[in-house]
Amino acid sequence: MRSAGGNEVDIRLKPVSHSELEEIRIGDALFPVGRTEPPFDTYAPELVVDLSRRHARIFCEYGAVYIADLGSKNGTTVNGEDIRQKTRKLHDGDVICFGGTLCFSIELRAVLPAARPAGRLTSVTLTPSDTESGLQPIVVTRFPFLISKADEAFARYKEQHPQQLNYLSRRHAHIFQKGGAPYIEDLGSTNGTFLTGRRLDEHAARLQQGDMLAFGGHHFVYRVSYEEEQPEADPTLTKFARPQAAVAQTGDADKTTFIASADSFLDIFCVDAAPAEEAGQETPAATADASPGADKPPASGKHSTLRLALREVFPSGERRGLKRSLLLGTGALAVVSVVATGVYLSGAPERELGELLANGEYAKAAAAADQYLARQPESAALKAFGTEAVLRAGLPEWLRRLQKKDFDGADKALAATKESGRRNDDVQGLIDELQWVGTLERFVIGRGGLEAPIRMYVDDQQIKALLKWWDEDPSGHQRALGRVSVLVPEFKEPYAVALSHLRKLQSDKAVYLAAIDRLHATIADELNQDRPEALEAVFKEYTEKYPRLAGMEALQGDLREYIALRDLASARRLSPLVAQLSDVRFATPPFEARMQALRANGSLPSAPFTRQYQEASQAWNEGNTGKAIATLEQMPSGPWSDVAAKRLDHKREITSQFDAVQKARGTKAYDERLLAFYAMLEADEDGYFIRAIDADVRVLRDKAIKQADDILARAQVSWRRYRENGAIAGAQRLESGVSNEFRAQARLLSGASEDANKGARIYQDLKVTYPSQWAKLQSEIQAEAELQRRSMMELQRVIEPGVLKAKLALLGGVER
């Protein structure tokens, strides 16, 4: 296999899972894996049943071999690790499995490059079939070449033919060499690639002289021609010559687009970073632009610096801009050569830096370039030398730190590298790009890998931030990082890993982050509509449907706390509500924000109100009745003032009755007053007074039990009347208002419930066994009360909230 950079690698796939199969020897730079691709199309059906049509691609870049899974249904593994929708560099001895059952061992051997045949493909020319279309001819001299709506060759028509351009995908197709011949492969584009009127399937197709090639419809249609020539003597240098036959075919050299640099298979098959497509294309087809410099092997010293200097002299900001700008013929080529040579040889500083770089003295070259830039800050040549020197000197240490997962050390190494090129704005921009790579790697490793759970309100925000930075200029970022990988070859593999990480995060954004956004919207809607119970089913569904979504337990816990608060607030039970408000700590933002909103609109007591009421409650529980009453008398006005006033009246009554009981001590009326006082006490609030009279109550146990039986008998009468009148029916619950019938029955039910609870509490406080008849009565009453309340809650979507709250309050018993 000849790599994109010209290196020869002998690649063999030796069967592991099925020894009867013959080994596969890969002889081209791109090898397709799929059940309809040779030799897999000759295998028995049961061997390729798990293989997708477009399963994977094996390709070579600068002597390194990679495998890219193309989103196959059953996945691809390398040494047992799933690389579905990822890219992985292959090493000798690796075991790859397609679909989990078809496995091969990789054998890689570097070989000396063979002499290239005389008929080597040198260019492919795409000539517009319609001279009135306004399209320009395209001459491709380096392969592979990516057809993309984002590429300059097609993006130039955005203003002139915007609708037609939208029929192209960002990763539409690519032209590549196979056995010295041109081939075209569609990359799963939405609107297809057509060769002589036939839409291409998953197979690559050979291009013939005179073929008609169409991309996405009837506008971008070209006639194919190509040339075969002897190769240039030095393939490592960028060639600016235009194929003469191509110029003759196009007729107008100034209107011909020349593609003199190859795209990268890594970018074609590994990156899916495009934003949503514009209107006009049914389904977004994601892609990424290729990194500049991917057509030549890593170089050092004079050659790489000269190419960088040429890019500075001819500042074409977009990919392949330099490759297409030299259109002035043989005379222009001579001028370019003079200028380029002048940039490199125009003075002692440049010669000194070039010699240092050639000798591998990168740190000295970086320091020297910094000194020279202090005197000539705008020199493009010095910046080019300085950029190469700074990166080659500093990046190896940064890469070592990253490999060791020493991210703090990596940040320090990168900061030192940035400081060494402080006068070179070109270096500063590239370091910012590398900082993003480091942040990405820190994030992926820190959360336990790409398949780790996604923590809501933590990981999702970081993923969005990482992708937002990339999506602001994906082509620019790729160009910059691709340039770094050319200058520092050690960066190529970490760059490929970063691209795989990027693609996985983009996949997580499309699935999990989109699900999280929908969940947030649902939570907000149900809480705003006062339907929190509906979230229980939603949370259960999300837990089952999105197994990598972490944080559902916290949401479920907050939901339970919120419903309890809401119920206490609806019943206007101020004392237990304030007690719970003082303890509750919501763990998730939506419930915390909702509680703050309810405080702001008065549905919950305000923070100052809560603190003052807590102070009064503490004094009351300690027996400091004067302070408690004085504090309640000074409560701030607001939505809960009426409830506080009722609690103040209750405490005044308790205080008055307690004094009366004390004064009646030793009289005949004492026992009756004591039991009456005991009956009006509330266990969750009047504990001090219950303890104060506990000894006397125990003495009067029999009388207390009789009083409890009387209260329970009253509950029994209310319960009998409720049942005789007929339980509250669905029609009454559905009424748009509160009818007299509903009100009467609700009061009977709530009265029975309150008396049953009060009688049961007396038995409990006296530590007397609760008679079974009363236990049964209380159970029946409470079951009906809960049934009616639950039935009302199920109608919350059809009943006006104010009416619902009023009916729930009636069912809840006497307001406290």
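These figures come from a predicted structure and were not determined experimentally. The analysis underlying the following values was restricted to heavy atoms, covering all of them including side chains, and did not include hydrogens, waters or symmetry mates.
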- Task: Say whether, by atom type as modelled, one donor and one acceptor occur between the side chain of Arg548 and the main chain of Ala452 under 3.5 angstrom.
- Result: yes

- Note on the structure: Residues at least two apart in sequence or cross-chain that pass side chain to side chain contact (heavy atoms under 4.5 Å, CB included) with Asp432, listed by chain then number, are Lys418

- Item | Any donor-acceptor N/O pair, Asp460 side chain to Val458 backbone, under 3.5 Å | yes

- Message: Quick one about Asp411 and Gln435 (side-chain donor to acceptor, distance below 3.5 Å, no hydrogens or angles considered), yes or no?
- Response: yes

- Below 4.0 angstrom, N of the basic side chain to O of the carboxylate: do Arg401 and Asp406 qualify? yes

- Query: Has the side chain of Arg442 got a donor or acceptor atom that lies under 3.5 Å from a matching backbone atom of Phe407?
  - Reply: yes

- Query: Do any N or O atoms from the side chain of Thr87 and from the backbone of Ser500 form a donor-acceptor pair under 3.5 angstrom?
  - Reply: no

- Note on the structure: In terms of heavy-atom contacts, Ala56 and Ile67 come closest through CB-CG1, 4.5 Å

- Message: For Arg35, is there any backbone N or O sitting under 3.5 Å from a side-chain donor or acceptor partner on Asp41?
- Response: no

- Task: Check the pair Lys504 / Glu451 against salt bridge (charged side-chain N to carboxylate O under 4.0 Å, His left out), numbers first and verdict last.
- Result: CA-CA 9 Å; Lys504 176 58 177 175; Glu451 299 300 330; 3.4 Å; yes

- Task: Indicate yes or no for a side-chain donor-acceptor contact from Ser105 to the backbone of Lys14 under 3.5 Å, with no hydrogens or angles considered.
- Result: no

- Side chains of Tyr562 and Arg594: is there a donor and an acceptor less than 3.5 Å apart? yes

- Is it true that Arg109 and Asp92 have a side-chain N and a carboxylate O under 4.0 angstrom from each other? yes

- Return yes if some donor-acceptor pair links the side-chain N/O of Glu61 with the main-chain N/O of Phe265 below 3.5 Å, else return no. yes

- Item | Aromatic centroids of His172 and Tyr167 separated by under 6.0 Å | no

- Of all heavy-atom pairs linking Leu555 and Ile523, the shortest is CD2-CD1, 4.0 Å

- Query: Are the ring centres of Phe59 and Tyr66 closer than 6.0 Å?
  - Reply: yes

- Using modelled atom types only, decide if a donor and an acceptor are shared between the side chain of Arg483 and the backbone of Ala480 within a distance under 3.5 Å. no

- Task: Run the salt-bridge test on Glu536 and Lys540 with the 4.0 Å N-O cut-off and return the result as yes or no.
- Result: no

- Hits for ring pair (Phe, Tyr, Trp, His ring centres under 6.0 Å) against Phe40, two or more places apart or cross-chain, chain-then-number order -> Tyr43

- Task: Taking ring pair (Phe, Tyr, Trp, His ring centres under 6.0 Å) as the test, write out the residues that go with Tyr542, two or more places apart.
- Result: Tyr546

- Taking ring pair (Phe, Tyr, Trp, His ring centres under 6.0 Å) as the test, write out the residues that go with His501, two or more places apart. none

- Item | Asn424 (side chain) donor-acceptor with Asp426 (main chain) under 3.5 angstrom | yes

- Would you mind checking if Glu185 and Arg57 are paired as a salt bridge, meaning a charged N to carboxylate O distance below 4.0 Å? yes

- Which residues share a ring pair (Phe, Tyr, Trp, His ring centres under 6.0 Å) with His55, sequence neighbours left out: Phe98

Considering only distance and modelled atom types, tabulate donor-acceptor pairs under 3.5 Å from the side chains of residues 18-25, sequence neighbours left out.
unit_1 : atom_1 : unit_2 : atom_2 : d
Glu23  : OE2    : Arg12  : NH1    : 3.1
Arg25  : NE     : Asp10  : OD1    : 3.0
Arg25  : NH2    : Asp10  : OD1    : 3.4

